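Have a look at the structure below, then the notes.
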There are 2 protein chains.
Amino acid sequence: MENRLRKSVAARLSRYLQVASQAAKEGMTRISSHQISLYTGVNATQVRRDLSSFGRFGKRGSGYEIEILCERIRDILGARSSRSVVIVGAGRIGEALVRSGLFAEQGIEISTVFDSDPAKIGRELGALTVRPVAELAEQVKRHGAVAGVIAVPAQAAQGVADELVRAGVGAIFNYSEALLDVPEGVSVQTLNPAVELLSALCVQTG
Amino acid sequence: MENRLRKSVAARLSRYLQVASQAAKEGMTRISSHQISLYTGVNATQVRRDLSSFGRFGKRGSGYEIEILCERIRDILGARSSRSVVIVGAGRIGEALVRSGLFAEQGIEISTVFDSDPAKIGRELGALTVRPVAELAEQVKRHGAVAGVIAVPAQAAQGVADELVRAGVGAIFNYSEALLDVPEGVSVQTLNPAVELLSALCVQTG
DNA sequence: TAGATTGTTAATCGATTAACAATC
DNA sequence: TAGATTGTTAATCGATTAACAATC
């Protein structure tokens, strides 16, 4: 229970940090709980409560100073993150993830990108080089990766999941449509743009 | 309140349908609330309650027949969906969405894909042809699109949002990192793979 | 000062969980 | 029959919302 609470708070803090970082990039210097609410969909009172539980760093009348806000949230999340993940599949989704600057912002390192297609191996993706899937276990261990992202076609997904589990990751993020079976103790989350969009569309236009 | 309840239920039903459809593709014929729970992350009791509120179509002892389950959920969602959306941006995310079969499965039509890059206009993406952004308002009206997906770089996102609003869509799904400002009455949801993954990672490994 | 927004309390609502009779 | 799973109830917990004093 204690753990569950902390996790849902951490997930929301992560969203606040993303919004605050982007707001800073767009030249804003202060942001209110109401604005954070607009951009994240999280209730404004909830935003204030989440933040105030870690100290009073808002200013009544003017909101939160973005620079301080980012720093504080990074501190709070930092204790529990600074983690490394690997991505399997250098296709559209894999590439979009690797090229996103959001991970670095939250102290999460994408340590390696794998693909099984010889044509893709060796290609540069941002700062990374696509490596052969055969190196998966070795690289996961070397970087101490805690999570693996599956961004391969559905028919290859279970095989990749098995290899990730064997390599020792505790969490899998599945961007394929496949239903993955993993041993107890390993968590799987299916997260693909179409799934997210459909759920959201049902909520919006229901 | 009534409306809010229905919407959250609709979003969950959408996830159940996605899992059931995929299970059918993988050759399964029956599925239990526990299995649906494993694959969606929604509590098994919640799954049973959501489904039983629309009638008793499970079989005690053996679970839900997938074919019947899909049919029933499609019926339930069908009443409120059968909608059309447009996608702006034929890059990695736009392409991933267009090529996903999940939309058709839920009676949602991706009616048009736009891009501003002359090199991309005219390209075939699945069954669609990439069209110039200049046609946006005309196409939104012709297809009665209720939602627009923004899958363009952050610096172009606000302009696209303005055009979507002017064209009359009520919901925007924002896959860029930009913070969008829209008039009251238009909903915006930011949904990008990196954001989703980061939130999920905080939940998993916090 | 006046206006705005935080931090916090209290009330309500929805989700989660355990439990179990009904029944396939 | 025995085993499994649904449909449903009851208890608990977290999220949402309204409200407002404190204060920048």
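We name chains A, B, ... by the order of the sequence lines, and we start the count at 1 in each one. Values in this document were obtained by computation on a predicted structure and should not be read as measured data.
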State, without any angle test, whether B/Gln22 and B/Gln18 hold a side-chain donor-acceptor pair at a distance under 3.5 Å. no
Quickly work out the A/Arg30 CZ to C/dT6 C1' distance and round it to whole Å. 14 Å
Working to the nearest 0.5 Å, report the span between OG of B/Ser21 and CZ of B/Arg74. 5.0 Å
Check ion pair A/Glu109-A/Arg83 (N to O, under 4.0 angstrom): no
Angle between the two end axes of the helix from C/dG3-D/dC24 to C/dC24-D/dG3, five base pairs per end, rounded to 10 degrees? 40°
OP1 or OP2 of C/dT17 versus the side-chain N and O atoms of B/Asn43: is any pair under 4.0 Å? yes
Considering just the side-chain nitrogens and oxygens of A/Ser52, establish if one lies under 4.0 Å of OP1 or OP2 belonging to C/dT8. yes
Indicate whether OP1 or OP2 belonging to C/dA15 is found under 4.0 Å from a side-chain N or O atom of B/Arg12. yes
Indicate yes or no: does B/Lys25 engage A/Glu177 in a salt bridge with an N to O separation below 4.0 Å. yes
How many Å lie between CG on A/Asp50 and C1' on D/dT16, as a whole number? 12 Å
Near DNA chain C, under 4.0 Å by heavy atom, which residues of residues 59-69 of chain A? A/Lys59, A/Arg60, A/Gly61, A/Ser62, A/Gly63, A/Tyr64
Using a cut-off of strictly less than 4.0 Å, decide whether B/Arg56 has a side-chain nitrogen or oxygen near OP1 or OP2 of D/dT8. yes
Determine: side-chain N/O of A/Ser8 to OP1/OP2 of D/dG14, distance under 4.0 Å, yes or no. no
Would you kindly say whether B/Ser33 and B/Arg48 are connected by a side-chain donor-acceptor distance under 3.5 Å? yes
Nearest listed nucleotide, side chain of A/Ser33, among C/dT6, D/dA15, C/dT8: C/dT6
Any ion pair linking B/Arg30 and B/Glu65 (charged N to carboxylate O, less than 4.0 Å)? no
Quickly work out the A/Ile36 CD1 to C/dA4 C1' distance and round it to whole Å. 16 Å
Just to be sure I understand the rule, does A/Ser32 reach a base, reach only the sugar-phosphate, or reach nothing, if contact means heavy atoms closer than 4.0 Å? sugar-phosphate
Separation of A/Leu51 atom CG from C/dT6 atom C1', in whole Å? 10 Å
Quick one: on DNA chain C, does A/Arg49 or A/Phe57 contact a more 5' nucleotide (nearest heavy atom)? A/Phe57
Atom of B/Leu97, atom of A/Ala194 and distance for their closest heavy-atom approach: CD2-N, 3.7 Å
Cation over ring face, B/Arg131 and B/Phe114, 6.0 Å, 45°: no
When you compare the side chain of B/Tyr16 with that of B/Val42, does any pair of heavy atoms fall below 4.5 Å? yes
Closest-nucleotide 5' rank along DNA chain D - winner of A/Arg48 and A/Gly58: A/Arg48
